[in-house]
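Inspection log for the structure reproduced underneath, given as structure tokens.
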Amino acid sequence: MQIPGLGPLVEDADLGWYRSEPVPVPILGGEPRRFNVEGYVDDPAPEDFHAAIRTFLALDRSALTAAAPSIFAYYRDITDDILAAGDDDWYVEIEGPHDVLDHILLGDEPMVARDSPGDGHVYVSLECECDWEPEHGLQLVFRDGRTVTKVGPYDGHLTYPAAWTADSPDGIVYHRPR
């Protein structure tokens with residue numbers, strides 16, 4: 001199977017998705033990365049996957065900079081909880097949104113999937129590491145490969161309604177975990 005922008009993909013039968021060969025990803029520093037693609041084979045509109053992948057591969061660091069205030073809000077919630085519990089072993093001082101990206105190790109295997117039966121968009125999700133939350137990390141989700149629409153601990157969900165309930169907030173970038 002071939003996907004434009006990614007080339008040939010190989011099925012990972014154990015995980016139920018397809019993996020690409022490494023391709024350069026500008027938003028991830030230009031380093032070649034493998035993509036994981038889920039649900040593409042049986043999808044009625046594979047061109048949505050093509051568009052999301054093409055868009056994501058065209059992004060530069062400015063997409064991350066735009067999400068920095070939401071990432072910083074996530075950092076603040078976690079560190080406020082750490083300090084309130086008196087457990088400052090994990091505490092990391094980050095001055096503001098302008099330097100929060102310096103404390104993130106971006107994921108190296110973007111996952112591309114459609115939010116079905118949710119909103120129907122195709123998302124690119126990154127599982128990242130961050131200095132302030134070593135256990136749950138950081139998930140960055142790009143709707144249609146274009147814009148970060150979900151920031152928070154890695155839970156594998158593409159939207160907040162998918163993570164919690166249908167009446168959970170959608171269209172927001174960060175929502176404090178319950």
Side-chain angles (χ1 to χ4, degrees), residues 1-71 73-74 97 101 104-130 137-166 168-175:
M1 175 176 71
Q2 289 238 162
I3 294 181
L6 298 183
L9 278 78
V10 176
E11 182 177 13
D12 184 327
D14 292 337
L15 298 174
W17 58 54
Y18 288 79
R19 289 183 61 134
S20 75
E21 288 298 315
V23 296
V25 183
I27 195 170
L28 302 178
E31 294 296 316
R33 307 289 190 201
R34 292 182 189 273
F35 279 70
N36 297 312
V37 181
E38 183 176 32
Y40 176 84
V41 172
D42 298 321
D43 196 90
E47 61 276 1
D48 294 349
F49 281 78
H50 303 168
I53 291 165
R54 180 177 55 252
T55 302
F56 184 74
L57 287 173
L59 292 177
D60 60 23
R61 189 164 173 91
S62 65
L64 297 173
T65 303
S70 296
I71 297 169
Y74 170 50
L101 297 177
I104 296 170
L105 177 61
L106 294 169
D108 60 359
E109 289 193 2
M111 169 62 83
V112 184
R114 185 180 295 279
D115 183 29
S116 297
D119 67 9
H121 287 269
V122 173
Y123 290 85
V124 178
S125 176
L126 289 174
E127 181 179 1
C128 307
E129 293 180 27
C130 58
L138 168 69
Q139 183 178 13
L140 300 174
V141 182
F142 298 75
R143 181 179 283 157
D144 300 320
R146 178 176 325 278
T147 306
V148 175
T149 54
K150 182 176 180 245
V151 165
Y154 184 81
D155 61 14
H157 296 289
L158 300 173
T159 64
Y160 284 110
W164 295 324
T165 65
S168 294
D170 191 22
I172 61 166
V173 179
Y174 175 69
H175 179 69

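Numbering of residues begins at 1 and proceeds along the displayed sequence.
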Residue pair [X] / [Y], side-chain heavy-atom distance below 4.5 Å:
X      : Y      : answer
Asp115 : His121 : no
Leu158 : Ser125 : yes
Val151 : Leu140 : yes
Ile3   : Val112 : no

Side chain to side chain contact (heavy atoms under 4.5 Å, CB included) assessment of Val25 paired with Phe35: CA-CA 10 Å; Val25 183; Phe35 279 70; 3.6 Å; yes

Side chain to side chain contact (heavy atoms under 4.5 Å, CB included) against Pro32, all qualifying residues, sequence neighbours excluded: Pro22

Backbone of Arg146 reached by a side-chain donor or acceptor of Asp144 within 3.5 Å: no

Flag, side chain of Lys150 to backbone of His157, donor-acceptor distance under 3.5 Å: yes

Minimum-distance pair of heavy atoms, taken over all atoms of [X] and [Y]:
X     : Y      : value
Phe56 : Pro110 : CE2-CG, 4.1 Å
Ala52 : Val122 : CB-CG1, 3.7 Å
Thr65 : Pro69  : O-CD, 3.8 Å
Pro24 : Gly30  : CB-O, 3.6 Å
Gly5  : Val23  : O-CG1, 3.9 Å
Tyr74 : Gly152 : CZ-C, 3.7 Å

Any pair counted as side chain to side chain donor-acceptor pair (under 3.5 Å), so long as it reaches residues 15-30, sequence neighbours left out: Trp17-Asn36, Arg19-Glu109

Residue pairs involving residues 42-60 (criterion side chain to side chain donor-acceptor pair (under 3.5 Å); sequence neighbours excluded): Tyr40-His50, Asp43-Arg114, Asp48-Arg114, Asp60-Ser62

Straight-line distance of [X] [atom1] to [Y] [atom2], nearest 0.5 Å:
X      : Y      : atom1 : atom2 : value
Leu138 : Ile71  : CG    : CD1   : 5.5 Å
Arg33  : Leu6   : CZ    : CG    : 14.5 Å
Cys128 : Leu105 : SG    : CG    : 7.5 Å
Glu38  : Asp12  : CD    : CG    : 11.0 Å
Thr159 : Tyr123 : OG1   : OH    : 5.5 Å

Evaluation steps, side chain to side chain contact (heavy atoms under 4.5 Å, CB included), between Leu106 and Leu64: CA-CA 10 Å; Leu106 294 169; Leu64 297 173; 3.7 Å; yes

Step-by-step side chain to side chain contact (heavy atoms under 4.5 Å, CB included) determination, Leu126 to Leu28: CA-CA 10 Å; Leu126 289 174; Leu28 302 178; 3.8 Å; yes

Criterion side chain to side chain contact (heavy atoms under 4.5 Å, CB included) on Arg143 and Asp119, from CA distance to verdict: CA-CA 10 Å; Arg143 181 179 283 157; Asp119 67 9; 3.3 Å; yes

